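Just below is one structure, and these are the notes that go with it.
Just so you know, these numbers come straight off a predicted model, no measurement behind them. Numbered from 1 within each chain, the chains take letters A, B, ... in sequence-line order.
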There are 2 protein chains.
Amino acid sequence: MKRNTWQKEAVRSALGDAGGFVSAQALHASLRESGSTIALATVYRALTGLTDEGEADSLQQEGEVLYRACTPGTHHHHLICRRCGTTVEIEAQPVEEWARRTAAEHGFTRAEHVVDIFGVCARCSDLVDRASRP
Amino acid sequence: MKRNTWQKEAVRSALGDAGGFVSAQALHASLRESGSTIALATVYRALTGLTDEGEADSLQQEGEVLYRACTPGTHHHHLICRRCGTTVEIEAQPVEEWARRTAAEHGFTRAEHVVDIFGVCARCSDLVDRASRP
DNA sequence: CGGCTTACTGAGAACCGTTGTCAAAACCAT
DNA sequence: ATGGTTTTGACAACGGTTCTCAGTAAGCCG
């Protein structure tokens, strides 16, 4: 039987607070900083659980996996700030159709797609510009 | 100055023969099987080089990086068979525009996108169906 | 409430893909 | 051929993630 522990709840809550994609390690560090004694392995286990249950999305970047609390049960894509991780959920009906059609055209079945946009958000853009100016 | 060695050529050629996305380790294994004495680290270095020079594309899947020889100098996406790695290069003008527009709408700059479709190719579909039938 | 089963946790070791190190080998302009 | 430098190969090191296992604690049941 599945049990509820404060550890799982802490991870779910911290993930929600993060607002964007974060690594398991970063999440663990921030939980530790706010006084929690949760173990790293437990954070990994909780994140895996959340992902399996559709409460979180994950993506791989530079050799590590990033997680994010996501609206459950909806198919959507992400617009992610490379600098701060801030993420916007986006829908893309036309892209869904394009993907389905393209796969079918080439005889592919069971098609899934990965569609994410990485950029620098307005706020971070600002900071960068300011910094590079004398 | 950059030098040419048989090792780099061997990797380029093996990558071309692979036809789809393959891992560095798999490439190294297949080179070894065909008699080469090339070292794993060299395969990694060659693949990094090819990727930097635009001769290969790479993507991450399940914690490892996969490489593929790609038409240089063209922006394109991939339709990849989950089972055998066979890959079709696809162009997606509408998706490019959608990505650019979406990023701009949310104030994001320096936008890049990841658009890949994973499925099961016709041949593998066939094999799977045949296997599951009595 | 208290006992009991069993899932979950914590700590550290193990794992695995990848990168770094450094002496030896090989490339190539001369 | 020779010398200056890039590359290579073997192996150690690294970093993120998963495994192991003994100890802890949810939550059912009386």
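Remark: P of dG17(C) and CD of Gln60(A) are 13 Å apart, rounded to the nearest angstrom. The separation between Glu9(B) atom CD and dC27(C) atom P is 13 Å, rounded to whole Å. The distance from atom CZ of Arg32(A) to atom P of dT9(C) is 14 Å, rounded to the nearest whole Å. Per the geometry, NZ belonging to Lys2(B) stands 17 Å off C1' belonging to dA29(C), to the nearest Å. One interatomic measurement links the two molecules: CG of Leu47(B) to P of dT19(C), which rounds to 10 Å at whole-angstrom precision. Atom CD of Gln25(B) is separated from atom P of dC15(C) by 16 Å (rounded to the nearest Å).
In the 5' to 3' direction, nucleotides of DNA chain D lying under 4.0 Å from heavy atoms of chain A begin and end at dG16(D) to dC28(D).
Every salt bridge (charged side-chain N to carboxylate O under 4.0 Å, His left out) that Arg68(B) has, sequence neighbours left out, goes to Glu89(B). Remark: His113(A) engages His75(A), His77(A) in a ring pair (Phe, Tyr, Trp, His ring centres under 6.0 Å) (not counting sequence neighbours).
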Protein-to-nucleotide contact annotation, 5' to 3' order, nucleotides 1-6 of chain C [B base; S sugar-phosphate only; - none; under 4.0 Å, heavy atom]: ----BB
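OP1 or OP2 of dG10(C) sits under 4.0 Å from a side-chain N or O of Gln7(A). Listed pair Tyr44(B) / dT18(C) meets the phosphate criterion, a side-chain N or O lying under 4.0 Å from OP1 or OP2. For the OP1/OP2 pair of dC27(C) and a distance below 4.0 Å, the side-chain nitrogens and oxygens of Thr5(B) include no atom meeting the criterion.
Remark on DNA chain C: of its neighbouring residues Lys8(A) and Tyr67(B), the 5'-side contact belongs to Lys8(A), judged by nearest-heavy-atom nucleotide. Heavy-atom distances to DNA chain D give each of Ile38(B) and Glu62(A) a nearest nucleotide, and the one nearer the 5′ end belongs to Ile38(B). Nearer the 5' end of DNA chain C, as judged by each residue's closest nucleotide, is the contact made by Leu40(A), out of Leu40(A) and Leu66(B).
Taking each heavy atom of Leu40(A) and Ala24(A) in turn, the nearest pair found is CD1-O, 4.4 Å. Between Val88(B) and Phe108(A), the closest heavy-atom pair is CG2-CE1, 4.2 Å.
Remark: side-chain polar atoms of Thr42(A) are not paired, donor with acceptor, to backbone N or O of Ile38(A) under 3.5 angstrom. Between the side chain of Arg82(A) and the backbone N or O of Arg110(B), at least one donor-acceptor pair lies under 3.5 Å. Checked by atom type and distance alone, the side chain of Thr87(A) pairs as donor or acceptor with a backbone atom of Gly85(A) at under 3.5 Å.
By the 4.5 Å heavy-atom criterion applied to side chains, Arg83(B) and Cys121(B) are not counted as neighbours. Contact annotation: the side chain of Asp57(A) never approaches that of Tyr67(A) to less than 4.5 Å [non-hydrogen atoms, C-beta and beyond].
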Could you go step by step and tell me if Glu9(B) and Arg12(B) meet the salt bridge (Lys or Arg N to Asp or Glu O under 4.0 Å) rule? CA-CA 5 Å; Glu9(B) 197 43 52; Arg12(B) 195 201 315 273; 3.2 Å; yes
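Note on residues 7-63 of chain A: pairs passing ring-ring contact (aromatic ring centres under 6.0 Å, His included), not counting sequence neighbours, are Phe21(A)-His78(A).
Direction of the helix axis in the helix from dC1(C)-dG30(D) to dT30(C)-dA1(D) shifts by 30° between the two five-pair termini, rounded to 10°.
At a threshold of 4.0 angstrom between heavy atoms, the contacts of Thr37(A) are confined to the sugar-phosphate backbone, with no base atom among them.
Annotation: Glu91(A), atom CD; neighbour count of heavy atoms from other residues, nucleotides and ligands within 6.0 Å does not exceed 12.
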